[in-house]
Protein chains: 2
Amino acid sequence: MTGRDGGADLHPIGNSPVVVLVRPQLADNIGAVARAMANGGLFELRLVAPRDGWPQEKAWRQASGADRILEAVSVHATVAEAVADLQHVYATCPRPRHIIKPVLTARGAAAELRAVCGRGLRAGLLFGPERAGLDNDDMAQADALVRYPLNPAFMSLNLAQAVMVLAYEWWSFADDTPSRTLMTNETEIANKAELENFLAHLIDQLDACGFLRNAPKRPGMVRNLRHLFQRGEVTQQELRTLHGVVTELAIGRRQRGRLESE
Amino acid sequence: MTGRDGGADLHPIGNSPVVVLVRPQLADNIGAVARAMANGGLFELRLVAPRDGWPQEKAWRQASGADRILEAVSVHATVAEAVADLQHVYATCPRPRHIIKPVLTARGAAAELRAVCGRGLRAGLLFGPERAGLDNDDMAQADALVRYPLNPAFMSLNLAQAVMVLAYEWWSFADDTPSRTLMTNETEIANKAELENFLAHLIDQLDACGFLRNAPKRPGMVRNLRHLFQRGEVTQQELRTLHGVVTELAIGRRQRGRLESE
């Protein structure tokens, strides 16, 4: 969406989960995973038996500045080695079968990870190889599985997208931005008196130009205009603009009237 | 995460939002966007002035089977033309400035889109070009902006990742999977009597082998074992395995005892 920024300093925040890519195949994906991790505030990446070895220059090209994550990558021979120092391990798995295990949504996993990390415990997230996903032995090393709610008719999820969804949920859990707000910058949302003041100006000019001359219809027409301007939050700046619009249109009409009467 | 599947039939579901890519630069990204859309149950893709023209073979290679979406793509000269038949338009924008506009989180936008689409209205989601994002004129055509809660120290979000997050939120809104459940397949979660029956078996064998011979410590040791097995949901299948484990260990001990006494 935008160019690179903040590559050098990604602002790590406290104890966050480790991302473990198990037998990843494509260096491009490893780079894209690092970028997604930085987006969501995850900073520690471990690789188990990457197919083409490590480091790979291609990864840096896809990381879009999340270099610090790639530079700190550790490589491990087995999942057991990669998770040895962790207390909790969650394994992403789109279609688990023949296994007895807790299954969490991505949001549920984020909530548990926040709780676990908040207690000072170290947690890890396992992601399987691009084509096959995690195998049964990988999953047996996890406390719980994570299965995203996604279209069951099309479950082919890119590796970096899988990391993105969990990183996004991890970040979102701690975010308290209101789901809808009005961005107003330097101006403020008008109060009802300011809105009424504009409506009085508008109606005054509409009376003057004859737009409201039909007396029986006038109350309904005024009400409809009022409904329209009451529908959303109007800012003081927008009201100033609207006052100007009405004034200028009225002056135009008066001048035209003067020209026609000359 | 897994190989391709369901490419031919992506199970469209009712009225869902249109994704509009404004001046996209890379065909790879357009393909990855189609894949992310299919993951989240979005099916209609429109392009405004794609830099390298359309169609582009590269897009199909990144779509991982979401061909139906690419084949139905429409190309438009302007944003106005691309959104002409829509009633609601939301524009994704990581850092809006100097603009008076409602701003939604991705989750807030998904909730509104569900409501709007549920009323039979057509909605669209604008995504800007990879490097620059949407410009001010693009944003002026939207009802509201969407800003994801993500790490402000690293906002560089890949185009397909941006689509993925909203597609995921769109799907999640209508999903009611419990945030944590225990997958048990054919077996069931044991009740307390079944668990108690196993604990009695275990304690009986531990008494027999002398593990609990320290009488003052015995109650606490038994309680600790009880705490451990009560901690999570144990299934009937797991209890059968545990019964077998205890029995076989005890037989092993008895045989060893017999060998030693011979």
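- The line from OH of A/Tyr148 to OG of B/Ser172 is 11.0 Å long, rounded to the nearest 0.5 Å.
- Side-chain contact between B/Leu157 and A/Met164 is present, with at least one heavy-atom pair separated by less than 4.5 Å.
- Counting heavy-atom pairs under 4.5 Å between each of B/Thr187, B/Thr181, B/Asp175 and chain A puts B/Thr181 at the top.
- For a residue to count as touching a neighbouring chain, one of its non-hydrogen atoms must lie under 4.5 Å from one of that chain's; by this rule B/Glu233 does not touch chain A.
- The two residues B/Lys101 and A/Leu182 make their nearest non-hydrogen contact at C-CD1, 3.3 Å.
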Derivation and outcome, side chain to side chain contact (heavy atoms under 4.5 Å, CB included), residues A/Ile100 and B/Glu186: CA-CA 9 Å; A/Ile100 295 173; B/Glu186 50 291 320; 6.0 Å; no
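- Chain A forms more heavy-atom pairs under 4.5 Å with one residue of B/Thr105, B/Asn151, B/Val165, B/Leu104 than with any other, namely B/Asn151.
- Residue A/Ile99 touches chain B through both its backbone and its side chain, counting heavy-atom pairs closer than 4.5 Å.
- With rounding to the nearest 0.5 Å, the separation of CE in A/Met183 from SG in B/Cys93 is 7.0 Å.
- Among B/Asn39, B/Thr177, B/Val103, B/Thr184, the residue with the largest count of heavy-atom pairs under 4.5 Å with chain A is B/Asn39.
- One side chain, A/Tyr168 or B/Glu169, offers a donor N or O that lies under 3.5 Å from an acceptor on the other.
- No more than 12 heavy atoms of other residues, nucleotides or ligands sit less than 6.0 Å from atom CD of B/Glu188.
- If you measure heavy-atom distances from A/Ala63 to chain B, the contacts under 4.5 Å come from the backbone alone.
- For chain B, no part of A/Ala167 is nearby; none of its heavy atoms comes within less than 4.5 Å.
- Top candidate by heavy-atom pairs under 4.5 Å with chain A, chosen from B/Thr235, B/Leu150, B/Asn185, is B/Leu150.
- Only the side chain of A/Glu112 has a heavy atom closer than 4.5 Å to any heavy atom of chain B.
- There is no side-chain donor-acceptor pair under 3.5 Å between A/Arg107 and B/Ser179.
- Between the A/Arg35 side chain and the B/Ser156 main chain, a donor and an acceptor come within less than 3.5 Å of each other.
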